[in-house]
Structures are given as C-alpha cells and as structure tokens.
Amino acid sequence: MRLFVSEGAPGSLPVLAAAGRAQGRAELLISTVGPEECVVPFLTRPKVPVLQLDSGNYLFSTSAICRYFFLLSGWEQDDLTNQWLEWEATELQPALSAALYYLVVQGKKGEDVFSPVRRALTHIDHSLSRRSCPFLAGETESLADIVLWGALYPLLQDPAYLPEELGALHSWFQTLSSQEPCQRAAETVLKQQGVLALRPYLQKQPQPSSFEGRAVSNEPEEEELATLSEEEIAMAVAAWEKGLESLPPVQPQQNPVLPVAGERNVLITSALPYVNNVPHLGNIIGCVLSADVFARYSRLRQWNTLYLCGTDEYGTATETKAMEEGLTPQEICDKYHVIHADIYRWFNISFDIFGRTTTPQQTKITQDIFQRLVARGFVLQDTVEQLRCEHCARFLADRFVEGVCPFCGYEEARGDQCDKCGKLINAIELKKPQCKVCRSCPVVKSSQHLFLDLPKLGKPLEEWLEKTLPGSDWTPNARFIIRSWLRDGLKPRCITRDLKWGTPVPLVGFEDKVFYVWFDATIGYLSITANYTDQWEKWWKNPEQVSLYQFMAKDNVPFHGLVFPCSALGAEDNYTLVSHLIATEYLNYEDGKFSKSRGVGVFGDMAQDTGIPADIWRFYLLYIRPEGQDSAFSWTDMLLKNNSELLNNLGNFINRAGMFVSKFFGGFVPEMVLTSDDRRLLAHVTLELQHYHQLLEKVRIRDALRSILTISRHGNQYIQVNEPWKRIKGSEADRQRAGTVTGLAVNIAALLSIMLQPYMPTVSATIQDQLQLPPPACSILLTNFLCTLPAGHQIGTVSPLFQKLENDQIESLRQRFSGGQLEESLSLKAKASPKPAAIETMTTAGPQQIQVLMDEVTKQGNIVRELKAQKADKNQVAAEVAKLLDLKKQLALAEGKPLENPKGKKKK
C-alpha cells in the first residue's frame with residue numbers, strides 16, 4: 001500500500017494518525033506530494049490524502065482511509081461510531097471550514113473564529129460528559145476519535161479556541177494529542193507552523209457563506225433539559241421518597257486508618273513541599289487543595305481513605321536557607337514545618353497525617369530500598385563533574401545554579417531544568433553559570449557518585465505502565481510526560497550528592513554522601529505513613545487492595561510516574577505503585593508567574609491577612625484549577641466569581657430557601673405535594689448530582705464544581721418561576737404550592753451543602769447547622785437526590801453565607817501584592833536571625849511598601865522597649881534587637897538610602 005499525504009492538507013492529519021495504529025499489520029509506504037499533484041488518475045481535481053491499495057484501487061476520502069486502517073488493526077465497526085462520522089461530515093466540517101478560513105485567510109480572531117464552531121464543540125463536550133467515557137464511542141479510542149481529532153487539531157491546538165468550561169472536550173483532546181501517532185502526524189503536516197501551515201490549502205477553497213452556526217443535534221438547544229425519560233423521572237421520585245431510610249449506616253472512623261479487605265481502600269498523597277519555602281497559591285491548588293477535595297469526597301462515599309502529606313526537609317536548599325538565617329538545618333526544618341502546617345490548617349486541608357522526612361523511619365526505608373536495588377544490580381557507579389562554588393566552599397545543588405539554558409537560551413534557567421522550555425539540564429551544561437547564593441562563577445570538579453540504572457529497569461517499567469494506564473485516571477499531561485521520557489530513552493540517573501544534610505548512603509566508600517532528593521523524597525510518603533502506624537506496609541505493600549492517587553503539579557510527574565516506580569519495581573518488594581497520577585498544569589499570577597525564589601505572587605501565609613475567608617480562596621482556586629492548560633489567578637476575576645457565583649447564585653438560593661421556611665412556615669419544613677414539574681426538577685437535580693459523581697470519580701475537580709453551581713441555578717429559576725412569596729398570600733391551593741416549592745427548595749439547599757463539603761467545608765458546615773440537617777445526611781453522599789428534610793423538620797436560624805467583595809477592597813489587595821512581596825515576607829524575616837553580611841542592592845520601593853516597613857520598625861521597636869522595661873533575659877533582648885536592626889536595614893534599602901555600619905555603644 002502507498003499513502004499519499006501533503007504538508008498543509010488538513011485531511012492528512014487523521015489518516016497519518018490512523019496509519020500509526022495499523023503499523024506492522026501491512027506494508028505501507030508514505031509519500032509526501034505537492035498539493036497540486038494528481039495522484040488518482042480518474043479524478044479531475046488534485047486530491048490528497050489518497051491511499052493506493054495493493055489491488056490498484058484508491059481510497060480518497062479521509063474517513064474511508066482512516067476506516068481502512070482501523071479495520072486492518074482489528075477494530076470492529078459499531079453504529080455509534082458511524083453516527084459520529086456522519087455528524088462530522090455534515091455538521092462539523094462546514095462549521096470548521098468557516099472558522100479556519102476566517103482565522104487563516106481573513107486574519108480574524110476571537111469570537112469571529114469561535115462562533116461558527118461553538119455549538120459543535122459544546123455538542124462534543126456534552127456527549128463526552130453525559131456518557132462519562134473518555135472517548136466518543138466508549139472506553140477505548142475509536143475511528144470517530146481519530147477523525148474528529150484530526151479535523152479539530154489545527155484550530156484547538158490554540159488554547160484560545162478551547163474554552164476551559166468545556167472540560168470533557170479538553171480532556172479528550174489532550175489525551176489524543178499526547179499520543180505518539182497523533183504527535184507525529186501533527187509534526188508532519190503542520191511542520192511547527194501551527195494553523196498557518198494550512199494557508200496555501202485554504203486559500204484555494206471557496207469563501208464560506210455567512211455561517212450562522214446550525215444546530216448540532218435533532219432537538220433545539222432550549223429543549224436540552226427536556227431529554228429525560230419517564231423511567232428516569234420515576235426512579236428519581238422513588239429515591240426521593242425513600243428519604244433518610246435509604247442512607248447506609250455511617251462507618252466509624254478507624255485510628256489508625258488501615259485497608260480493609262473487600263472494601264475500596266483509597267490512599268491519597270500530595271506532593272511533599274520543600275520545607276524551606278512558604279507555599280504559594282499555585283503550590284496549594286496543584287497539590288494539597290486538589291487532593292483535599294478528593295479525600296473529602298472519598299470519605300463522603302464511605303471509601304476507606306488515608307490522606308497524607310509532609311514537608312520535604314533534606315537537601316542543599318535546606319542547608320542554604322539555614323546559612324541565610326543563621327540556624328542549623330534541623331532548626332530551619334522545625335521552624336518552616338510549623339509554618340507549612342499552620343498554612344494548611346488555615347486552608348482547612350484534612351490530612352490524616354502531615355509528617356516530615358527527617359525521621360529515622362525515612363533513613364531505614366530509604367536505605368532498605370537502596371540495598372535491595374544494589375543487590376539486584378540496579379545501581380551503577382560513575383565519576384561526575386559538578387559545579388563547586390569556591391567562595392561558598394560547597395558543591396552546588398542543581399537548584400542553586402542559574403545560567404543560560406543550552407537549549408533555548410533562557411537566561412534564568414536552573415541547574416536541573418529550564419522553566420521556559422521545560423527541558424532537563426545537567427548543571428555543567430549551563431552557559432554563564434552563577435552560584436545563586438553569592439553570584440560568583442562556580443568551577444567544575446569531579447566526584448564519584450551512584451546512579452539508578454533506569455535503562456535496565458525500562459522493561460519492567462513499561463510492562464507496569466501497560467497494565468496500569470488503560471482504565472486509569474492518569475491526567476493527559478502525566479501520560480504525555482512519561483511517554484516523552486520513554487520515547488527519548490531512559491538514562492542512568494544520579495541518586496547521591498556531596499552534602500551533609502540528607503539520608504546517609506549505606507555503602508562503603510560513599511559514607512560522606514547522602515541520597516539526592518530525587519531518589520528519596522518520594523520514599524517520604526512511606527516513612528510518613530510508618531510514623532503514623534507501624535502497620536504502614538498494609539498500605540504500601542498491598543497493590544492488590546489499595547488504589548493510590550497522587551496529586552502534584554506537572555513538573556513532579558517524572559519522579560512519581562517513573563523514578564519512584566523504577567526504584568520500587570527494582571526493589572522487588574511488592575510495593576503499592578501509583579494507580580492514578582493527577583497532575584495540574586501551572587497556575588500563573590495575574591500577568592506573570594509565581595516564583596518562590598523571586599517572591600512573585602500571593603503566598604499561603606499572606607492569604608490569611610487579606611480578610612477573605614479560607615473557603616472563598618478554596619472556591620476560587622478550585623474554580624480556576626489548571627486542569628487542561630495553564631490558568632491565571634486574577635484579583636478582578638476573583639471579585640467577579642465571588643459576587644456572581646457565590647453571592648448572587650449559590651448564596652442567594654440557599655438563603656432564600658431557608659428564609660422562606662422561617663418566614664412563611666414558622667421554621668418548619670412544609671408539606672410537599674409534587675407536580676409533574678416538581679418531579680421533573682427532581683430528575684434534573686439527580687442527573688446533575690450523578691454527573692458530579694462521575695466527574696469526581698474521574699478527578700475532574702473543577703468541572704464537578706460547575707455541577708454544584710448548575711443545581712443552584714436550577715433552584716433559583718425554580719423559585720423565580722413559582723414565586724412562593726406571592727402564592728403564600730393567595731388561596732389554599734396557592735399556599736400549598738408555596739409550601740411545596742419551599743420544601744423542595746430547602747431540600748436542594750441541603751443537598752448542595754453536602755456536595756459543597758469537599759470544596760468549601762466551613763460554608764458546608766454552616767449551611768448544615770442553619771438547616772439542622774440530620775447528622776447521617778451530613779456524612780454520606782449517595783448518587784440519588786434524597787428528601788433529607790421531611791415535612792415537619794425544624795430548621796435553625798438562617799443568615800447570609802457570603803459577603804460582597806468591593807472594587808476598592810480588591811484594588812487595594814492588588815496594589816499590596818504587586819511588585820514582589822517585600823512587605824509580606826517580613827513576618828518570616830522578623831522571626832529569623834540576621835543574615836550574614838552581604839552586598840545588597842534594592843531599587844527604591846513604593847510609598848505603600850515603605851509605610852508597611854515603617855510600621856513594622858515601630859512595632860518591633862515597641863517590643864524591644866517593653867522587653868528592656870521588663871528587664872528580660874539579655875539573650876531574648878539581643879534577638880529582638882537583631883530583628884529590629886534587620887528591619888531598619890530593609891527600610892533603608894527600600895528608601896534607597898546607603899546602609900550605615902552599626903554603631904557600637906560608647907563606653908562611659
């Protein structure tokens with residue numbers, strides 16, 4: 001067979017991707033031809049792509065060629081796939097052709113391009129969401145997926161045309177785009193030019209007529225809510241009427257929580273934060289907050305759940321921070337561990353364990369895994385050239401070297417990875433390297449080190465991945481990153497460092513070295529569990545009964561999805577490996593990026609001082625959670641979401657429902673006589689509740705939050721249409737109708753309080769207290785909507801849940817957090833010992849920053865004066881005086897004044 005394709009011909013995308021599936025099933029020659037070349041002799045116009053069969057016959061429609069390749073690979077046809085192909089040809093292609101023509105040929109952007117395809121994309125998203133399947137025709141990729149992906153790729157590769165609210169479409173598109181055949185097809189056809197590669201092809205097409213966007217289904221859009229069957233309505237009503245009696249008994253909380261045979265045992269981890277930094281909002285949403293939502297949801301489902309995290313405390317970063325603050329590494333760990341714990345406590349993170357890695361258990365388990373790897377031949381020795389700072393008299397950890405990226409030229413690349421291009425770097429490859437501590441140029445020195453033999457572990461890793469990934473909930477970016485590492489070829493990875501602060505290496509000749517955090521940080525999960533219970537192996541050596549969910553940002557994927565699995569597989573000790581690897585993209589801050597080292601963005605301890613409750617922060621961070629692509633924190637958007645979604649939608653509905661019970665019915669839930677419209681509403685709420693469950697079971701956290709808001713909108717519309725405040729003044733029938741509407745509305749509010757619990761636990765508890773929701777209903781969330789507040793139930797005092805955020809309040813916060821976090825870091829700096837003398841330069845700060853510093857100096861001066869008046873211990877006074885001097889130095893720098901040498905007291 002011979003396949004003819006052309007660069008810039010959109011039809012070539014799906015056929016090349018489909019050809020990848022049939023690889024090895026038949027001999028195939030792929031030829032790239034010009035767009036004007038006539039390949040099929042009996043066609044009057046040039047046509048590409050074309051498949052010339054061995055029989056001499058030709059296939060020249062995209063779907064026919066793709067179908068042929070799928071049939072070769074053993075795929076069986078089905079009606080649903082055929083329906084999608086018909087829809088693609090008749091509905092999607094005309095809309096897509098118009099959008100691409102407007103974009104590429106006419107140079108239009110934004111809504112002009114998106115408008116023709118809006119309904120088509122929404123249709124795909126709704127279909128994926130309703131079926132709760134990862135692919136268009138079921139659990140596995142089909143011909144329909146490849147044909148639609150190939151058609152959509154030129155447009156949707158630009159995130160501007162893939163709205164965040166289309167979460168199911170996002171996930172589907174990312175999953176397919178990360179597959180190697182699809183990547184190769186895109187590279188071949190678009191040649192890294194993006195959609196502009198299609199310009200020569202599109203310029204030859206007729207200009208589309210004015211495209212209004214036709215319907216994408218047989219029912220009109222407004223009828224979308226009217227697609228319930230009578231059976232679905234009857235089932236929803238039957239579940240509602242059973243009420244609280246259908247709730248299973250609440251399972252008592254174990255201590256310690258251990259796996260139970262025959263039950264669903266869920267082990268959840270958040271990536272361990274570096275102890276020496278304060279987590280910013282991006283860290284919080286990427287790791288702990290996302291995992292907390294899933295842990296709380298798991299408990300609501302009565303799954304046996306253990307959720308753990310802790311501080312990652314070893315390494316050069318800790319040594320350097322200790323040097324900066326004049327403390328020992330252990331003291332710096334103790335100090336910052338408390339800071340981390342306080343931040344997560346304020347954010348209401350429900351860890352079962354929040355531990356740390358500087359423990360005897362960490363040493364014991366890490367050394368055991370290492371010795372098992374050595375015994376099985378998976379550890380190599382080699383000489384390594386490292387950068388050493390002669391001024392600091394130490395080998396530099398990768399993160400403490402900065403220079404020019406050898407791949408993309410980015411001038412602030414770290415010694416382990418470039419933030420711009422994402423490539424991993426060996427520190428000695430950096431151009432113009434600098435020590436980040438003293439800014440001197442390091443020199444290259446040799447040292448003997450140990451390596452994990454990843455190439456030797458490649459086969460068991462790939463076998464494990466082949467068994468794990470199908471049917472799992474690994475996020476598309478996690479799958480893509482691991483495939484990229486495998487495609488590029490595994491290389492031995494250094495697992496030791498020339499440091500003192502770390503887990504000692506138990507091998508002769510390496511006693512002066514410690515393990516590199518890449519090797520032993522992930523083992524911290526095991527040691528933290530071991531410090532929680534001596535039965536830790538029931539969780540971590542029990543892959544048959546435990547499902548492990550690991551949450552992180554995408555930069556941590558290689559260590560959790562490859563390095564630790566290789567270590568555990570090589571140790572051959574039946575370790576529990578990650579079942580579901582949940583990685584977010586990055587959360588940016590306004591127009592830039594969060595950076596711990598540069599102090600850009602809002603950090604965890606600062607959020608507490610804004611006057612905005614923790615649940616509002618939780619809601620907004622989860623609303624913008626970067627699931628399919630990077631997202632950005634925006635103060636203006638936070639105001640809008642609080643005032644529209646929380647205050648006007650959710651809070652308004654729940655408050656009105658409760659107030660109607662209090663005002664019209666004396667605080668007692670009235671009798672409810674359901675009409676056909678009420679039954680239909682029950683079914684719609686049930687359907688949305690089930691959608692919420694489907695999304696959270698797939699760890700689609702952001703999308704599931706939309707389901708809560710959708711139910712709330714249904715409730716508001718229901719109240720608005722039925723007007724119980726008017727009916728209560730009317731006839732007996734009107735008053736009864738007002739009672740039914742109020743009773744049903746307050747039960748929807750009760751349901752929302754439970755659905756909100758993973759997202760906004762304090763608000764959830766407040767609603768449940770106001771409604772006096774029976775305790776069993778607060779702890780379990782079933783897949784059906786139950787009547788949990790029956791007629792006669794007495795509610796408590798109802799009050800507003802949310803406060804409006806004002807423009808001037810938000811603008812003040814935006815100004816406060818702009819231009820680096822100088823003043824916000826004072827709370828930490830004030831606790832620290834003075835830094836060693838160093839050359840410091842700073843541009844003059846703004847008046848607001850200077851005022852904050854002046855206030856801090858005054859406050860610290862008062863502390864010193866009070867201590868002296870009380871004749872406190874000299875050492876205590878000296879420590880507070882040192883803090884005062886440090887603050888005065890910062891104030892002088894902020895004002896652009898030269899630093900004065902400290903003056904000693906004159907002797908009398």
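Formation of a donor-acceptor pair under 3.5 Å by the Trp539 side chain with backbone atoms of Val257 is found in this model. One N or O on the side chain of Asn265 and one on the backbone of Val260 form a donor-acceptor pair closer than 3.5 Å. Looking at Asn747, its side chain does come within 3.5 Å of a backbone N or O of Gly743 through a donor-acceptor pair. No donor-acceptor pair closer than 3.5 Å links the side chain of Ser290 to the backbone N or O of Cys287. Using modelled atom types, no side-chain atom of Thr533 and backbone atom of Pro256 make a donor-acceptor pair closer than 3.5 Å. Looking at His170, its side chain does come within 3.5 Å of a backbone N or O of Leu162 through a donor-acceptor pair. Remark: side-chain polar atoms of Glu141 are not paired, donor with acceptor, to backbone N or O of Phe135 under 3.5 angstrom. A donor-acceptor pair under 3.5 Å is absent between the side-chain atoms of Ser246 and the main chain of Lys242, judged by distance alone. Side-chain N or O atoms of Ser712 include none that pairs as donor or acceptor with a backbone N or O of Ile708 at under 3.5 Å. Side-chain atoms of Asn477 come within 3.5 Å of backbone N or O of Ala583 as a donor-acceptor pair.
Proximity of Leu306 to Thr529: side-chain heavy atoms (C-beta onward) are separated by under 4.5 Å at one or more points. The closest side-chain heavy-atom distance from Ile285 to Thr584 is not below 4.5 Å. Side-chain atoms of Trp617 and Leu289, non-hydrogen and from C-beta on, never get closer than 4.5 Å to each other. Using a 4.5 Å cut-off on side-chain heavy atoms (C-beta onward), Leu773 and Gln770 make no contact. At a threshold of 4.5 Å between non-hydrogen side-chain atoms, the residues Trp474 and Thr175 do not count as touching. Residues Leu587 and Asp630 have side chains not in contact (no heavy-atom distance under 4.5 Å, counting atoms from C-beta outward). Counting only heavy atoms from C-beta outward, the side chains of Ser764 and Asp615 never approach each other to under 4.5 Å. Contact annotation: the side chain of Val763 approaches that of Phe802 to within less than 4.5 Å [non-hydrogen atoms, C-beta and beyond].
Atom CD of Glu544 is surrounded by more than 12 heavy atoms from other residues, nucleotides or ligands within 6.0 Å. Atom NZ of Lys804 is surrounded by 12 or fewer heavy atoms from other residues, nucleotides or ligands within 6.0 Å. Within 6.0 Å of CD on Glu723 lie more than 12 heavy atoms contributed by other residues, nucleotides or ligands. More than 12 heavy atoms of other shown residues, nucleotides or ligands fall within 6.0 angstrom of atom CD in Gln302.
Separating the CD1 atom in Ile748 from the CG atom in Leu682 is a distance of 7.5 Å, to the nearest 0.5 Å. Here Asn556 contributes atom CG and Ser270 contributes atom OG; the two are 11.0 Å apart, rounded to the nearest 0.5 Å. Rounding to the nearest 0.5 Å gives a distance of 8.5 Å between CG of Leu782 and CD1 of Ile754. Rounded to the nearest 0.5 Å, atoms CD (Glu232) and CD (Gln690) are 8.5 Å apart. Note: Leu650 CG to Leu756 CG = 5.5 Å, rounded to the nearest 0.5 Å.
Of all heavy-atom pairs spanning Asp605 and Ile343, the tightest one is N-CD1, 3.6 Å. Annotation for Cys309 and Pro273: closest pair SG-CD, 3.8 Å, computed over non-hydrogen atoms. Pairing each heavy atom of Thr305 with each of Ala295, the nearest pair is CG2-O, 4.1 Å. When every heavy atom of Ile795 is checked against every heavy atom of Gln772, the shortest pair comes out as C-CG, 4.0 Å. Residues Ser579 and Ser547 share a closest heavy-atom pair of OG-CA, 3.6 Å.
Judged purely by distance below 3.5 Å, without hydrogens or angles, the side chains of Trp172 and Asp125 never pair a donor atom with an acceptor atom. For the residue pair His684 / Tyr718, no side-chain donor-acceptor distance below 3.5 Å is found, with atom types taken as modelled. In the model, Arg727 has no side-chain atom that pairs as donor or acceptor with a side-chain atom of Asn722 under 3.5 Å. Side chains of Asn716 and Asn649: a donor-acceptor N/O pair is present below 3.5 angstrom, by distance only. Tyr623 and Asp637 form no side-chain donor-acceptor contact under 3.5 Å, judged by distance and modelled atom types alone. Between the side chains of Ser707 and Glu688, at least one donor N or O lies within less than 3.5 Å of an accepting N or O. Between the side chains of Thr675 and Asp677, no donor N or O sits under 3.5 Å from an acceptor N or O.
Residue Asn304 is tested with Glu263, Gln254, Arg299 for a side-chain hydrogen bond (donor to acceptor under 3.5 Å, both in side chains); the sole match is Gln254. Of the candidates Arg625, Lys554, Arg702, Glu585 forms a salt bridge (Lys or Arg N to Asp or Glu O under 4.0 Å) with just one, namely Lys554.
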task = Evaluate salt bridge (Lys or Arg N to Asp or Glu O under 4.0 Å) for Asp703 paired with Lys698, printing each intermediate quantity in order.
result = CA-CA 10 Å; Asp703 294 336; Lys698 294 290 184 183; over 6 Å; no
task = Please test Asn348 against Thr762 for side-chain hydrogen bond (donor to acceptor under 3.5 Å, both in side chains), starting from the C-alpha separation and ending with a verdict.
result = CA-CA 8 Å; Asn348 217 338; Thr762 302; 3.2 Å; yes
ask   = Which is it for Ile701 and Glu627 under the side chain to side chain contact (heavy atoms under 4.5 Å, CB included) test, yes or no, and what are the steps along the way?
value = CA-CA 8 Å; Ile701 291 170; Glu627 291 189 0; 3.8 Å; yes
query = Going through the checks in order, is the ring pair (Phe, Tyr, Trp, His ring centres under 6.0 Å) test met by His340 and Tyr344?
reply = CA-CA 6 Å; His340 276 269; Tyr344 303 138; 5.8 Å; yes
key: Ile624/Tyr620 under side chain to side chain contact (heavy atoms under 4.5 Å, CB included): CA gap, chis, key distance, verdict   = CA-CA 6 Å; Ile624 60 169; Tyr620 182 62; 3.5 Å; yes
From CA spacing to verdict: side chain to side chain contact (heavy atoms under 4.5 Å, CB included), Ser472, Arg479 = CA-CA 11 Å; Ser472 77; Arg479 295 170 187 258; 3.4 Å; yes
query = Does the pair His691 and Ser129 meet the rule for a side chain to side chain contact (heavy atoms under 4.5 Å, CB included), with working shown?
reply = CA-CA 8 Å; His691 190 212; Ser129 297; 3.3 Å; yes
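Taking 4.0 Å as the cut-off between side-chain N and carboxylate O, Arg345 and Asp342 count as a salt-bridged pair. A salt bridge links Glu645 to Arg713: one of the charged nitrogens lies within less than 4.0 Å of a carboxylate oxygen. We find that Asp292 and Arg618 are joined by a salt bridge, their nearest charged nitrogen and carboxylate oxygen being less than 4.0 Å apart.
Between Tyr297 and His693, the ring center distance clears the sub-6.0 Å criterion. Proximity of the aromatic rings of Tyr307 and Phe294 is defined here by a centroid distance below 6.0 angstrom, and this criterion is not met. Note: Phe551 and His580 fail the aromatic proximity criterion, with ring centroids not under 6.0 Å apart.
Note that Arg296 lies outside the cation-pi zone of Tyr759, set by a 6.0 Å cut-off to the ring centre and a 45° limit from the axis.
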